[in-house]
Number of protein chains: 2
Amino acid sequence: MGKITIKDVAALAGVSVGTASMALNDSPKVSAETKKNVMAVVQKLGYRRDPYARSLSLSSSRSIGFLAPGFRNPFFGEVAEALQLAVEERNNSLMFGITNDSTEQEAKIVDQFLDRGVDGLIIIPAEDSEPDLSHIRNLLNHDFPLVFLTGYYPEIPFHAVMADLAEGSYELTKGMLLAGLRNIIMIAGNPALIPFRERIEGFRRALDECGAAFDESKVIISDGMSYEGGYAAIDKVYDEIKPDGIIAINDVMAMGVISRLRSKGIRVPEDVSVAGYDDISVSSIQETPLTTVEQPIALMCSEAVDMLFAIMEGRAAPEGVVRLPVSVRHRRSAKTG
Amino acid sequence: MGKITIKDVAALAGVSVGTASMALNDSPKVSAETKKNVMAVVQKLGYRRDPYARSLSLSSSRSIGFLAPGFRNPFFGEVAEALQLAVEERNNSLMFGITNDSTEQEAKIVDQFLDRGVDGLIIIPAEDSEPDLSHIRNLLNHDFPLVFLTGYYPEIPFHAVMADLAEGSYELTKGMLLAGLRNIIMIAGNPALIPFRERIEGFRRALDECGAAFDESKVIISDGMSYEGGYAAIDKVYDEIKPDGIIAINDVMAMGVISRLRSKGIRVPEDVSVAGYDDISVSSIQETPLTTVEQPIALMCSEAVDMLFAIMEGRAAPEGVVRLPVSVRHRRSAKTG
DNA sequence: AATCTTGATTGAAACGGTTCAAAAGGAGGA
DNA sequence: TCCTCCTTTTGAACCGTTTCAATCAAGATT
């Protein structure tokens with residue numbers, strides 16, 4: 001028994017292939033009567049349109065690609081879920097690829113996705129210290145629908161959606177200063193990369209504004225953006241600097257920081273205030289609930305998807321970054337004024 | 001300027017479309033000379049094969065679908081990464097869908113994936129208390145390539161890969177008993193579901209074997225398999241039972257348990273031993289490193305992918321569960337003999 | 001010089017839909 | 001009865017590949 005095609009349906013329903021197709025697509029050109037018949041046959045035969053043939057005809061696969069650094073950090077997991085939701089609302093599917101923060105890997109996956117015929121791409125930029133962006137340039141040259149999420153590559157014209165990270169660290173720092181902290185440090189990553197640069201900038205602005213001395217030594221560049229990274233950063237600088245406030249670049253890292261401080265017998269927040277970034281779901285229910293900057297994930301994702309579809313449908317907004325407001329979650333891990 | 005097709009390539013290279021196609025596919029039937037020419041033209045034109053036409057011809061999209069409950073629990077994130085790796089080795093792509101532990105949602109996504117033309121499916125079964133499995137039955141009736149990962153639906157013939165969970169909790173419990181603990185409880189989920197049932201079974205076996213009384217009251221059925229769930233479970237039963245050992249069904253939950261115990265002033269492991277399941281990456285670097293059962297994620301994933309491809313290529317192993325060995329990671333959160 | 005191999009190339013038929021100009025049918029008006 | 005105007009339906013072209021029987025060209029064999 002061969003595959004059931006639309007021909008079989010048409011034959012059994014006593015109509016032409018064209019009519020059958022239109023019936024399937026609920027076209028207004030075919031009578032209600034005929035539609036019903038065709039549908040009945042479809043039911044009976046268990047017919048299902050061939051997606052490849054359909055895609056070929058329509059030149060769309062109704063699927064979009066999503067590149068993320070990975071899913072060990074629950075923040076990206078939450079983004080994935082939100083994105084999935086937003087995409088599904090439009091009856092599209094998501095393919096995902098893991099870049100491991102390497103633009104080389106990113107390029108490979110983009111290539112693979114193009115070979116699979118995705119209609120558009122949503123990319124969380126890899127935090128690669130020596131990015132090679134030819135693949136992205138290539139996409140943009142071909143007007144391939146693309147939006148960056150959570151950051152962007154500054155060398156490149158783009159559509160991007162991100163949280164207002166600078167504002168977040170500005171407010172957070174301001175709060176700490178108001179609470180009387182005077183030796184605040186930030187544990188960040190490579191400042192050449194937008195998401196870090198922006199966080200650092202807000203931090204600096206707050207310090208400057210309050211007449212507290214900002215200098216490079218207050219920004220610790222950590223290599224791993226992970227729990228382990230937070231752990232290690234404390235080992236590296238705590239004894240030397242003896243800060244009274246620590247802002248980590250993300251929550252997972254902040255947890256590593258707290259964990260390491262505790263095991264050294266340092267109390268949080270009595271001896272040191274610690275804050276994170278992202279408000280991942282476990283942050284609020286830690287033994288010491290974490291003060292953190294919440295990124296509006298759901299909003300960012302639906303905005304990104306909206307934007308992508310706008311591009312795909314040719315009603316593209318002008319290129320640029322949409323920055324969505326963050327909210328500082330004041331909890332127990334940090335003293336804030 | 002229209003789309004560049006293989007015709008353009010063929011024309012410019014001065015060969016027929018058939019030859020061009022074969023050259024692209026590196027077929028041995030075309031001469032090295034010709035291949036080189038064709039490739040040169042491809043380069044020059046920036047030609048790229050149309051994936052839809054290709055899929056139609058080959059009736060394969062070289063992509064497979066992956067359904068998971070979600071990615072907030074880093075365990076699933078790690079699975080996703082491992083799976084991605086395994087799939088990529090075979091030059092395939094992964095589409096993913098989030099079931100939120102609802103078989104209804106699962107059915108929807110499966111449907112969507114079929115409409116996208118995935119070649120096969122890897123499913124982490126939804127932990128749904130009233131599963132509706134008609135969609136799965138349907139797939140199997142049509143011999144659609146499918147493997148379950150991390151569990152399976154017992155009502156259904158299947159291919160599945162999972163860790164030997166029973167053995168894991170058996171060993172873990174045995175260790176605790178050896179350390180002299182006598183009032184061990186397990187925080188689990190609905191025992192109708194395989195992954196929970198198996199964990200409970202190992203727990204029970206260990207207790208039975210050591211003459212410790214097993215009874216239903218030692219298995220606390222929690223509703224949320226999350227950090228919050230662990231937190232809540234302690235609130236619910238700790239004061240009443242006063243256990244000296246607690247085995248949580250997964251690490252995230254165990255962390256919730258520890259966190260709640262600590263905030264009640266109960267020491268871990270001095271007053272209560274706590275263990276988890278999965279060995280997600282943060283478990284080892286907690287303030288109190290977590291004793292846990294490691295599931296061999298990478299192995300499970302590559303095994304699942306192997307199995308799926310075997311099915312797709314018709315060299316299917318007989319149906320059944322492949323159970324991979326776990327290892328108990330003895331760390332500080334629990335006394336083990 | 002005629003025939004046989006062998007390897008490379010061609011051309012057309014799939015693959016399974018969608019779309020749209022043209023044809024058919026039916027109702028209403030003159 | 002004949003003509004128009006609509007609504008439905010038809011049938012063929014098209015989407016861009018892959019595949020494979022048939023053809024071709026050029027040496028090798030007799």
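Residue numbers start from 1 in every chain, and the chains themselves are labelled A, B, ... in the order their sequence lines are given, proteins ahead of strands.
- With B:F66 as the partner, the side-chain contact (heavy atoms from CB on, under 4.5 Å) test is satisfied by one option alone out of B:V79, B:V118, B:I109, B:I123: B:V79.
- Between B:I6 atom CD1 and C:dT9 atom P the separation is 14 Å, expressed in whole Å.
- Neither side chain, A:S27 nor A:N25, offers a donor N or O lying under 3.5 Å from an acceptor on the other.
- When rounded to the nearest whole Å, the span between CG of A:L56 and P of D:dT17 equals 9 Å.
- When the nucleotides C:dT18, D:dG16, C:dT10 are ranked by their closest atom to the side chain of A:R49, C:dT18 comes out on top.
- Taking the side chain of A:D50 as heavy atoms from C-beta on, and the options C:dG17, D:dT10, C:dT9, the nearest nucleotide is C:dG17.
- One can place CD of A:E33 at 11 Å from P of D:dT8, the figure rounded to the nearest angstrom.
- The nearest heavy atom of DNA chain C to A:M22 and to B:M22 marks one nucleotide each, and the one closer to the 5' end goes with B:M22.
- Regarding contacts with the backbone of C:dG16, every side-chain N or O of A:R54 stays at 4.0 angstrom or more from both OP1 and OP2.
- Each of C:dG11, C:dT18, D:dT9 was ranked by its minimum atom distance to the side chain of B:S16; first place goes to C:dG11.
- One interatomic measurement links the two molecules: NZ of B:K3 to P of D:dC15, which rounds to 11 Å at whole-angstrom precision.
- Following rounding to the nearest Å, A:K7 (NZ) and D:dT10 (P) show an atom-to-atom distance of 16 Å.
- In this structure, B:V17 reaches the bases: a heavy-atom distance under 4.0 Å links it to at least one base atom across the strands shown.
- The side chain of B:K29 has C:dT9 as its nearest neighbour among D:dT18, D:dG16, C:dT9.
- Distances from the side chain of A:L58 to the nucleotides C:dT9, C:dT19, D:dG16 place C:dT19 closest.
- The CG-C1' distance, from A:L24 to C:dG16, rounds to 12 Å in whole Å.
- One finds no side-chain N or O of A:Y52 lying less than 4.0 angstrom from the OP1 or OP2 phosphate oxygen of C:dA14.
- Distance from the side chain of B:V30 is smallest for C:dT9 among the nucleotides C:dT9, C:dG17, D:dT17.
- One can find a donor-acceptor pair under 3.5 Å joining the base of D:dT17 and the side-chain atoms of B:S57.
- Between the side chains of B:S93 and A:R116, at least one donor N or O lies within less than 3.5 Å of an accepting N or O.
- Within the 4.5 Å cutoff, side-chain heavy atoms of B:I64 are placed close to those of B:L94.
- Atom CZ of B:R62 and atom P of D:dT17 are 17 Å apart (whole Å).
- Looking only at atom types and distance, the side chain of B:T103 has a donor-acceptor partner in the side chain of B:D128 under 3.5 Å away.
- Distance A:D115 CG to D:dT17 P: 12 Å, rounded to the nearest Å.
- Contact between the side-chain N/O atoms of B:R48 and the OP1/OP2 oxygens of D:dG16 is not found at any separation under 4.0 Å.
- Residue A:T5 places none of its side-chain N or O atoms closer than 4.0 Å to OP1 or OP2 of C:dG16.
- For A:T34, a side-chain nitrogen or oxygen approaches OP1 or OP2 of D:dT9 to under 4.0 Å.
- Aromatic rings of B:F148 and B:Y153 (six-membered ring for Trp) have centroids within the 6.0 Å cut-off, being under it.
- Comparing B:S31 and B:A53 against DNA chain C, the residue whose closest nucleotide sits nearer the 5' end is B:S31.
- Within the structure, every side-chain polar atom (N or O) of B:S21 is placed at least 4.0 Å from both OP1 and OP2 of D:dT17.
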